[in-house]
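Each remark here refers to the structure printed beneath this line.
Because only heavy atoms are used, hydrogens play no part in the values below, and waters and symmetry mates are left out as well, while side chains stay in.
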Amino acid sequence: MEKFVKKRSFISDATRPQKKIKLEGDEGMKQDEEDDFSHPVPWQKIEAEGLDCDYALLFSKEEADMLFKQLEEEVVYSTGEEAKVQVFGKVYDIPRKQATYGDAGLTYTYSGVTRLANSWTPTLEYIRDAVTKTTGQAFNFVLVNRYKDGHDHMGEHRDDEKELDPLCPIASVSLGTPRDFIFRHRDARGKQGRRQIEPVKLELVHGSLLLMNSPTNTFWYHSLPVRKKISLPRINLTFRRIVLDRKKLPVGD
């Protein structure tokens, strides 16, 4: 049985920094000059053996609706060969739309393919800055995945590429239709899993932020499975910090 994490059982953590964010209709986005919320974002801690995540609602429905609309207008998704991925030597179409944005000159290699970061759009910069102010972490790259409905999905994988800063969490922002997100321990995968460790499932809702802290991506795979009854789209943004000088990366697993 999967271990289901309820989305509303938040734990407040007043030590996390947060700044007030405001949207101003179609004229664009503007950060309010007031520095801090009187009530910090309430965080839910999600833990298991080798799994350490934090989950919270970052944006109100109004903000999330506006951000989704603006991303639909701004983001340019990959096509052709850039819309394919290599798995065990075979090339497949990615079962969702995908785009990469970040600081100038950054590249990110995963599944045998290297992607060049496009320049930040205004909305992506806005969301990135909101995540930074909430978490205290700086990010220089984002992978954008758009799921048109419940048939679009993401298979089990770990975000453990060597160019990622292992000290920085991966920050996952979800906008649009809620989708199930499942963690599976590396020792419990497949029919021949060496150990009996229950998967951890949570629902990523509209406007939410999930932080995957170290060592989560060392021990746990994650996926967004097919949900055929879902007919509406979802956009997910995974913010990362890429280390420019890989020689400075610590030696590890």
Side-chain angles (χ1 to χ4, degrees), residues 21 23-31 58-59 62-87 91-132 138-155 157 159 161 163-164 168 170-179 181 204 206-210 222-224 226 230-244:
I21 298 164
L23 294 180
E24 294 195 345
D26 294 335
E27 295 179 1
M29 293 171 293
K30 181 180 180 181
Q31 179 180 312
L58 179 61
F59 299 110
E62 179 186 8
E63 292 171 321
D65 287 348
M66 179 66 71
L67 293 170
F68 185 93
K69 176 183 177 183
Q70 292 180 205
L71 288 176
E72 290 283 70
E73 297 172 355
E74 292 179 8
V75 175
V76 178
Y77 293 96
S78 299
T79 58
E81 291 301 312
E82 290 190 351
K84 299 179 183 296
V85 66
Q86 183 174 315
V87 180
V91 177
Y92 299 90
D93 291 331
I94 298 174
R96 57 194 177 277
K97 288 185 176 181
Q98 201 164 72
T100 52
Y101 288 83
D103 292 353
L106 281 183
T107 60
Y108 182 52
T109 301
Y110 62 97
S111 299
V113 180
T114 298
R115 309 291 190 197
L116 176 66
N118 295 301
S119 298
W120 295 100
T121 72
T123 304
L124 289 173
E125 281 189 326
Y126 176 83
I127 299 172
R128 179 202 63 196
D129 292 347
V131 173
T132 292
F139 302 91
N140 58 10
F141 183 89
V142 65
L143 179 64
V144 184
N145 283 297
R146 185 186 189 276
Y147 304 83
K148 69 178 184 299
D149 54 30
H151 291 273
D152 280 5
H153 62 281
M154 177 179 63
H157 70 286
D159 296 327
E161 288 77 14
E163 63 229 77
L164 296 177
C168 181
I170 291 176
S172 176
V173 174
S174 296
L175 298 167
T177 301
R179 291 287 295 266
F181 190 76
L204 301 181
H206 188 40
S208 67
L209 168 62
L210 175 70
H222 55 270
S223 66
L224 193 92
V226 170
I230 292 177
S231 60
L232 297 175
R234 169 183 184 262
I235 296 176
N236 178 249
L237 315 170
T238 47
F239 292 90
R240 306 145 191 260
R241 183 157 69 226
I242 294 176
V243 177
L244 300 180

Please give me the minimum heavy-atom distance between Ala171 and Val131, naming the atom from each residue. CB-CG1, 3.7 Å
Aromatic rings His206 and Phe68: how do their planes relate, parallel, tilted or perpendicular, breaks at 30° and 60°? perpendicular
How many angstroms lie between CZ in Arg96 and CG in Asp152, if you round to the nearest 0.5 Å? 8.5 Å
For Glu74 and Leu124, the nearest pair of non-hydrogen atoms, with its separation, is OE1-N, 4.4 Å
Using every non-hydrogen atom in the two residues, find where Ala99 and Ser78 come nearest and quote the distance to one decimal. CA-OG, 4.4 Å
Between Phe141 and Leu164, does a side-chain contact (heavy atoms from CB on, under 4.5 Å) hold up when you go through it step by step? CA-CA 10 Å; Phe141 183 89; Leu164 296 177; over 6 Å; no
Using the side-chain contact (heavy atoms from CB on, under 4.5 Å) criterion, which residues pair with Thr238? Sequence neighbours excluded. Leu143, Ile170, Ser172, Asn236, Arg240
Just by modelled atom types, is the Gln98 backbone N or O under 3.5 Å from a matching donor or acceptor in the Asn145 side chain? no
Tyr147 and Arg179 have their tightest heavy-atom pair at CB-NH1, 3.9 Å
Results of ring pair (Phe, Tyr, Trp, His ring centres under 6.0 Å) for Phe181 - residues two or more places apart only: Phe183, His222
Tell me if a side-chain donor or acceptor on Arg241 pairs with a main-chain N or O of Ala138 at a distance below 3.5 Å. yes
Starting at CG of Leu106, measure out to CG of Asn118 and round the result to the nearest 0.5 Å. 11.5 Å
Could you work out, with salt bridge (Lys or Arg N to Asp or Glu O under 4.0 Å) as the rule, every residue matching Arg146, not counting sequence neighbours? Glu72
Validation row: Trp120, Ile127 side chains within 4.5 angstrom (heavy atoms): no
Determine whether a donor-acceptor pair (N or O, by modelled atom type, separation under 3.5 Å) exists between the side chain of Glu161 and the backbone of Tyr108. no
Under a 4.5 Å cut-off applied to non-hydrogen side-chain atoms, are Val75 and Lys97 in contact? no
One pair to check against side-chain contact (heavy atoms from CB on, under 4.5 Å): Ile235 and Leu237. What are the steps and the verdict? CA-CA 7 Å; Ile235 296 176; Leu237 315 170; 3.9 Å; yes
Spacing of His151 atom NE2 and Ser231 atom OG [to the nearest 0.5 Å]: 9.5 Å
To the nearest 0.5 Å, what is the distance between CG on Asp103 and OG on Ser119? 9.5 Å
Student check: side-chain heavy atoms of Thr132 and Phe239 closer than 4.5 Å: no
For Ala64 and Phe59, work out which heavy atoms get closest and say how close. N-CB, 4.1 Å
Locate the shortest heavy-atom distance separating Leu71 from Leu175; write the atom from each residue and the value. CD1-CD1, 3.6 Å
